[in-house]
Structure formats: structure tokens, C-alpha cells
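One structure is given below, encoded as C-alpha cells.
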Amino acid sequence: MPAHSAHAKVNGLEMYYEVHGTDRPGTRPLVLLHGGGNTVGLSFAAVLPTLAADRLVVAPELQGHGRTADIDRPLTVPLLASDVIALLDELGIEQADLFGFSLGGLTALEVAVRHPERVGRLVTAAAPYTQDGFHEDVRVPDYSSPRLPTPADFQEMADAYAAVAPDPGHFQEFLAKVSEAAHAPLPWTADDLRGLRAPTLVLVGDNDFVTVEHAAEMHRLIPDSRLAVLPGTTHLTLMRRTSLVLPLLGEFLA
């Protein structure tokens, strides 16, 4: 359970966020940014207690996700990133470490590129910097592929949404916006990655949405970066591989 949860007024949103752990001297807050169609719990339940054991963790729900109601505007990575910056401003957080999964990883990368002074360390999980970083069966969805969500996975998202969303009947319309955001051109160049100042951990599964080769390219481009490829790991199992993910995060974020 979070130590505190609330809604903040940011950019026309009533943005839900949770606070876990406690502020410790010498540590930056860690901001967790969940995947598309997910809630905080769906993305981070397996890792959140350990991450919050020795630092302050802030976990918002992005536009239209979970307890944050959708509004009449497109759902784009730059807008999601501007919401995160506005939330940090609202909470008085000058600089934080960012850990984003999937759509949250794209959002974290946009924050780090456009607002480098706000990011201490950056973890991107299962997030490319160009659309050609996705496998072909992800770019043009082939639902027979073991990489893609199953009907049971979509049902888990729908159930989590229905349990907490201000308008549970909005799920299909919301999911269409998430899909559009996921397939839209991404706003970065190789030079943007070369210019990243934050130490960065690039995380990917070996059978993820993102190709291992693309993750390795990101690692080569980002000056102060590490690459971790998790074996036997798909997009949807990555955040549940706690025996691999937590030691990597613990060492990198220390």
C-alpha cells in the first residue's frame, strides 16, 4: 500500500500519483512510469516494495490510465512527458531518477532528452528510440506471435482499469489512444541519444517488443549507459523477473 496517494492538477489533468517509502538523505526520489494500458500496480507491483525500501518513490498514472481520467487531447509521448515535469513541479521535486517501462520508458526518455537537468539517472525498459526498433510482428501486430499480449493479458488490463478508472466504460476508446501513441513516430534522433547526460540503464527482454540489436544500438549511442538483456523474457514478463531486475536496479540506482 502507498504511504500516500492523491490527485494533482497538471496540464488539465487530475493526475493520480502514489508515494511509497521515505525520503532519505543523499538519495533522489525515484519516479516510476508504467506501461501503456497499465496501472501502477500492473507494471510495478512485483518490484515496488523493494525499490521503496530505502528511498522515496513516486508513481503516477498517466493520462487516461488507471485513476487518472482521460481528457480531450491526443495521447502522445511529448504530452505525457510534460505532465511528468508538471507533476514534479507540483511536488517540489527538482531532480529525480526515472524508471519507465514500455510507454513509460518512452516518456522517461523524452523527459531526459528535453529536460536533462531534471533527471539524475534513467532506466528505460522495453522502450525503443525509433519505431524500427520494434520487431515486425509488433509494428504490424500479429497476434499469433508469442511476443504480443494474449486475450487473457488484455482482460487483465481491462479488469484493472474497471476496478479503479473514473469512467470504466471508456476502456476501448482509451486503448485505441494508447495503441495510436505506441505506433506514432518517435520524436528523437541518434544525436538526441548521444546528447543524453544522465547515466542510463537500457533494459530489454530477449523476446521483447524491442529487438536486442536496437537496444544494443541505444547502448552504443548513449554516452554513459549500460545494457541488460534478460534471458527467457518477453515484454509482459520483464517486470516480473524480479530475481534479475531488482539486483540490476539496486546496483545502478545506488
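All values derive from a computational prediction rather than experimental measurement. Only heavy atoms go into these numbers, but all of them, side chains included; no hydrogens, no water, no symmetry mates.
When all heavy atoms of Ala216 and Leu227 are compared, the pair lying nearest together is CA-CD2, 3.8 Å. Contact between Ser102 and Ala127 at its shortest, heavy atoms only, is O-CB, 3.8 Å. Across all non-hydrogen atoms, the minimal contact from Tyr16 to Ser5 is OH-CB, 3.5 Å. Taking every heavy atom of both residues into account, Pro60 and Val40 meet most closely at O-CG2, 3.5 Å. Leu98 and Ala108 get closest at one heavy-atom pair: CD1-O, 3.9 Å. Nearest heavy-atom pair across Pro166 and Gly66 is CD-O, 3.5 Å.
By the rule that hydrophobic residues join a cluster once side-chain heavy atoms approach within less than 4.5 Å of another member, Phe134 and Phe101 end up as members of separate clusters. Connection of Ile222 to Leu106 is established within a shared hydrophobic cluster, with ILVMFWY side chains joined at heavy-atom distances below 4.5 Å, either directly or through further cluster members. Cluster annotation: Leu48 is not connected to Leu87 through the hydrophobic network of ILVMFWY side chains, with a link wherever side-chain heavy atoms come within less than 4.5 Å. Hydrophobic clustering, with ILVMFWY side chains joined whenever heavy atoms are under 4.5 angstrom apart, groups Leu122 together with Val31. Residues Tyr161 and Leu175 share a hydrophobic cluster, clusters being chains of Ile/Leu/Val/Met/Phe/Trp/Tyr side chains in contact below 4.5 Å.
For the atom pair CG (Asp132) and OG1 (Thr211), the distance works out to 8.5 Å, reported to the nearest 0.5 Å. Distance CG/Leu236 to CG/Asn207: 11.0 Å, rounded to 0.5 Å. Between the CG atom of Asn11 and the CD1 atom of Ile71 there is a distance of 7.5 Å, given to the nearest 0.5 Å. For the atom pair CZ (Phe252) and CZ (Phe99), the distance works out to 11.0 Å, reported to the nearest 0.5 Å. Going from atom OG1 of Thr200 over to atom CG of Leu193 covers 8.0 Å, rounded to the nearest 0.5 Å. Within the model, atoms OG1 of Thr130 and CD of Glu217 stand 6.5 Å from one another, a figure rounded to the nearest 0.5 Å.
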- Message: Is there a side chain to side chain contact (heavy atoms under 4.5 Å, CB included) between Arg147 and Thr234? Walk through the geometry before answering.
- Response: CA-CA 6 Å; Arg147 266 189 281 270; Thr234 66; 5.8 Å; no
- Task: Start with the C-alpha gap between Asp192 and Leu109, add the side-chain angles, then the distance that decides, and say whether side chain to side chain contact (heavy atoms under 4.5 Å, CB included) holds.
- Result: CA-CA 10 Å; Asp192 287 326; Leu109 181 57; over 6 Å; no
- side chain to side chain donor-acceptor pair (under 3.5 Å) between Thr189 and Asp191, intermediate numbers included: CA-CA 5 Å; Thr189 65; Asp191 282 342; 5.0 Å; no
- Kindly determine whether Thr242 and Thr50 satisfy side chain to side chain contact (heavy atoms under 4.5 Å, CB included), including the steps that lead there. CA-CA 10 Å; Thr242 54; Thr50 301; over 6 Å; no
- Message: Using ring-ring contact (aromatic ring centres under 6.0 Å, His included), reason through Phe209 and His214 one step at a time and then give a plain yes or no.
- Response: CA-CA 11 Å; Phe209 287 1; His214 184 80; over 10 Å; no
- Query: After noting the C-alpha distance and the side-chain angles of Glu251 and Arg226, does the key distance pass the side chain to side chain contact (heavy atoms under 4.5 Å, CB included) rule?
  - Reply: CA-CA 11 Å; Glu251 179 184 346; Arg226 305 179 191 182; 3.8 Å; yes
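Counting only distance, with no hydrogens or angles, the side chain of Gln131 and the backbone of Ala184 share a donor-acceptor pair below 3.5 Å. Not a single donor-acceptor pair under 3.5 Å links the side chain of His115 to the backbone N or O of Ala81. When atom types are taken as modelled, the side chain of Asp97 and the backbone of Leu30 share no donor-acceptor pair closer than 3.5 angstrom. For the pair Thr233 (side chain) and Leu238 (backbone), a donor-acceptor distance under 3.5 Å is absent. Formation of a donor-acceptor pair under 3.5 Å by the Gln63 side chain with backbone atoms of Arg73 is found in this model. Side-chain atoms of Ser43 come within 3.5 Å of backbone N or O of Gly35 as a donor-acceptor pair. Thr39 contributes a side-chain N or O that, together with a main-chain N or O of Leu42, makes up a donor-acceptor pair within less than 3.5 Å.
Here the side chains of Val57 and Phe44 are not in contact, with every heavy-atom distance at 4.5 Å or above. At a threshold of 4.5 Å between non-hydrogen side-chain atoms, the residues Leu244 and Pro231 count as touching. Side-chain contact between Asp89 and Arg118 is present, with heavy atoms from C-beta onward closer than 4.5 Å. You'll find the side chain of Val210 stays beyond 4.5 Å of the side chain of Tyr129, heavy atoms only. Taking the side chain as every heavy atom from C-beta outward, Glu110 and Leu79 never approach each other to under 4.5 Å. The shortest side-chain heavy-atom distance between Leu196 and Pro116 does not fall under the 4.5 Å cut-off. Residues Thr27 and Leu56 are not in side-chain contact: their nearest non-hydrogen atoms beyond the backbone lie 4.5 Å or more apart. Within the 4.5 Å cutoff, side-chain heavy atoms of Arg28 are placed close to those of Arg55.
Looking at Lys9 and Glu14, a side-chain N of the basic residue comes within less than 4.0 Å of a carboxylate O on the acidic one, giving a salt bridge. One finds a salt bridge joining Glu136 and Arg139 here, because a Lys/Arg side-chain nitrogen approaches an Asp/Glu carboxylate oxygen to under 4.0 Å.
Ring geometry, His65 versus His34: the interplanar angle falls from 30° to 60°, so the pair is classed tilted.
For Glu117, the CD atom sits in a packed shell: over 12 heavy atoms of surrounding residues, nucleotides or ligands are nearer than 6.0 Å.
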